[in-house]
Amino acid sequence: MIDIRLLREDRDRITDGLRRRGEDIDLTKILRLDEEVRLLLKESEGFKHRRNLVSDEIGELKKRGVNTESETLDMRKLSQKIKETDARIKSLSEDIHNELLNIPNIPHESVPLGRTPDDNVEVKRWGSPPEFDFPIKSHIELGERLGILDFQRASRLAGSGFVLFRDGGARLERSIINFMLDLHVKSHRYSEISPPFIVNRESAITTGNLPKFENDLFRVDDGNYYLVPTAEVPVTNIYRDEIVSEEILPICYVSYTPCFRKEAGSWGQDTRGLIRQHQFDKVELVKFVKPEGSYEELEKLLSDAEDVLKQLGLPYRVVTLCTGDMGFASAKTYDIEVWVPSQGKYREVSSCSNFEDFQARRGNIRYRPRGGGKPRFLHTLNGSGLAVGRTLVAILENYQQEDGSVIIPNVLRPYMDGKEKIP
RNA sequence: GGAGGGAUGGCCGAGCGGUUUAAGGCGCUGGUCUUGAAAACCAGUGAACGGAAGUUCCGUGAGUUCGAAUCUCACUCCCUCCGCCA
C-alpha cells in the first residue's frame, strides 16, 4: 500500500511512478475523500471533547443532587450527531482504504522503463547451454518414457494442469526440495518454516494477492480461506500486526510449500508439461529487514537463489524486470531464468523482489528502532529458491543422455541413495 | 460436534456505570550510589490521527446510556472436559 501522507505531500512522485508502470490511475478521488475525512474528524473530535466535559459535569451535579435534565437532553442530541459523523467517517475511510489497496507499488529508480517482457534487461549469464550430439527430448517425453511423470492419469484425478510423479520422479522431486532447504538453512543461514497451506483473506491482502487478483487464487469454504499461491503469503504474515525489535532484524526464512494457482488467462501457454501447473512445489526465501539496507539484502537474496542453480550445474541468466512487467507489490524484481534445451530458451525459475514497505503497510508489520522511538514499517523481500517443478524440468532436459536416461547432478545424489542415473 | 471458563499495556494482573491521566508488580530505559557490577532508591516507559489543543483504542462488531474496560447481543480466538479422528 502506498503511503497516503506521501500522496498528500508529493502527489507528482506517485503519479509519475505509476505512469512508469504504465498505470494511469486518477488520484484526485482519494485525495478528495481524504480531505473530507480529515475535516469530519476535526468536527467529531470537537463534539467528543464537549461530550466528555459535560458528562463529567453531569456526574458532579448528580452527586450534589442537582437536576440535570437540560444538560442530558443536550447531550442526547450531541451523541446522535457524533454517531452520524463517525458513521460517515468510517464509510469514507473504508472507501479510501479500498482505493489504496488497488494501487500498485512505485518502482525503484533503478528499474528499467518498459512495457513488456522484451524490455527486461539481462544482468548476467552463468554457465553455457549444453551441446547435444543427438536429437534431444523434452522433459515430457523423457518423463513419460521413464515412467516418472504421468500427466494423463493426473488429469483423470484432478484435471488438466496437474501431474503425478512416480518412483524416481517422486524421489527426485523430494530430493530437490530437501537439497534446497538444506542449502539455504545450512549454507545461507535461513530458518526453516513449514506454514499452513491455507490462509485467510487478511493474509492474502497483506502480500497484494487480494483484493485485485482474486481470480488467480483457489478459494476454499466460500472465500473465507484460500490455498496458498506461494509460501510468501503465510510466511510474510507471520509478523502481521506486530512490532518486532530491531535486534532480531534481518529475519530470514526459508519455506517449502506446494503452491496453488488458477492460472486463469494463461491459456495457450505451456499447456503441456510441468512448466505451468495448478499445483507445484516451491522453496521460498522471505526476509524482513530494516529499510536502510533492503537493496543490499535483495542482492544477497538473489545470490542465495542463484547458488541453487550453480550447485546443480544448470546454466541460467538473470534479468531485471522492467517497470511494466513487475508484479503488483514489487518495487524491484530480478528473475532468474534457467536454460530449457527443448525450448531453446531461458525460463523463469525464480523471482526475487524487494517490496520495500508496501506489504508491511498492508499487514501493519513494524519494528521498534534500537533505543526506543516510534515504530517504523520494515521492508519485506522474497524470492523463489527455487520453483521445484521447473528445476526438475531443467535437470531432466540438461542432463539427458542419448538413451533417454538422465544423469543425477552430484549434489542430489546423497538424497537419492547415491544413485547416479535415472533409471 | 457438545459442555464450561476466559480475552485488559512488552509480560503478569486489579478494575465490573462517573478524578481511570487504566492500580500494582515484572521487564526495559535513564539517573543516584559504586573502582566496576549487583542490590537499593528516584524518574521515565503502549499505539493511531493531529502543528497543537485534543480525540480514539481494554479480543472484534453492533447496542443501551448524558457518560461504558465495566451493562446487553452477535462473532472471533484461546483454555479445560467429553465425543470423533491422522
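Numbers restart at 1 for each chain; the letters A, B, ... are given by sequence-line order, proteins then strands.
Ring centroid separation for the pair A/F197 and A/F260 does not come in under the 6.0 Å cut-off.
Side-chain N/O atoms of A/R8 include none lying less than 4.0 angstrom from OP1 or OP2 on B/C49. The phosphate of B/C49 (OP1 or OP2) has a side-chain N or O of A/R5 nearer than 4.0 angstrom. The side chain of A/K83 places no N or O atom within less than 4.0 Å of a non-bridging phosphate oxygen (OP1 or OP2) of B/U65. For the OP1/OP2 pair of B/G54 and a distance below 4.0 Å, the side-chain nitrogens and oxygens of A/H49 include no atom meeting the criterion. Between B/G67 and A/N52, no contact under 4.0 Å exists linking OP1 or OP2 to a side-chain N or O. Distances shorter than 4.0 Å separate none of the side-chain N or O atoms of A/T72 from OP1 or OP2 on B/G67. At B/A47, one or more side-chain N or O atoms of A/R368 fall inside 4.0 Å of OP1 or OP2 (strictly under the cut-off). Checking the phosphate oxygens (OP1, OP2) of B/U56, a side-chain nitrogen or oxygen of A/R51 falls inside 4.0 Å. Phosphate contact (OP1/OP2 of B/U55, side-chain N/O of A/R38, threshold under 4.0 Å): absent.
By the 30° and 60° cut-offs, the orientation of the rings of A/Y239 relative to A/Y253 is parallel. The aromatic rings of A/H188 and A/H184 lie tilted to each other, with the angle between the two planes from 30° to 60°.
In this structure the side chain of A/L149 reaches within 4.5 angstrom of the side chain of A/L274, judged on heavy atoms. Between A/F218 and A/H278, some side-chain heavy-atom pair lies under the 4.5 Å cut-off. A 4.5 Å side-chain heavy-atom check between A/T380 and A/V286 finds every atom pair outside the cut-off.
Regarding A/K48, its NZ atom lies at a distance of 10 Å from the P atom of B/U55, rounded to whole Å. Counting to the nearest Å, the C1' atom of B/A47 and the CD1 atom of A/I243 are 6 Å from each other. Rounded to an integer number of Å, the gap from CZ of A/F47 to P of B/U56 is 14 Å. If you take CE of A/M75 and P of B/U64, they are 17 Å apart, rounded to a whole angstrom. One atom, CG of A/L73, and another, P of B/G67, lie 12 Å apart when rounded to the nearest Å. Rounded to whole angstrom, the span from the CG atom of A/L53 across to the P atom of B/G54 amounts to 10 Å.
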Paired and unpaired positions of RNA chain B as dot-bracket, Watson-Crick or G-U wobble under 3.5 Å, | denoting a partner strand = ((((((((.[[[..)..(.....]]]((((((.......))))))((((....)))).[[[[[..)....]]]]])))))))....
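Taking atom P in both B/U45 and B/G50, one finds a spacing of 22 Å when rounded to whole Å.
A salt bridge links A/D86 to A/K48: at least one charged side-chain nitrogen sits closer than 4.0 Å to a carboxylate oxygen.
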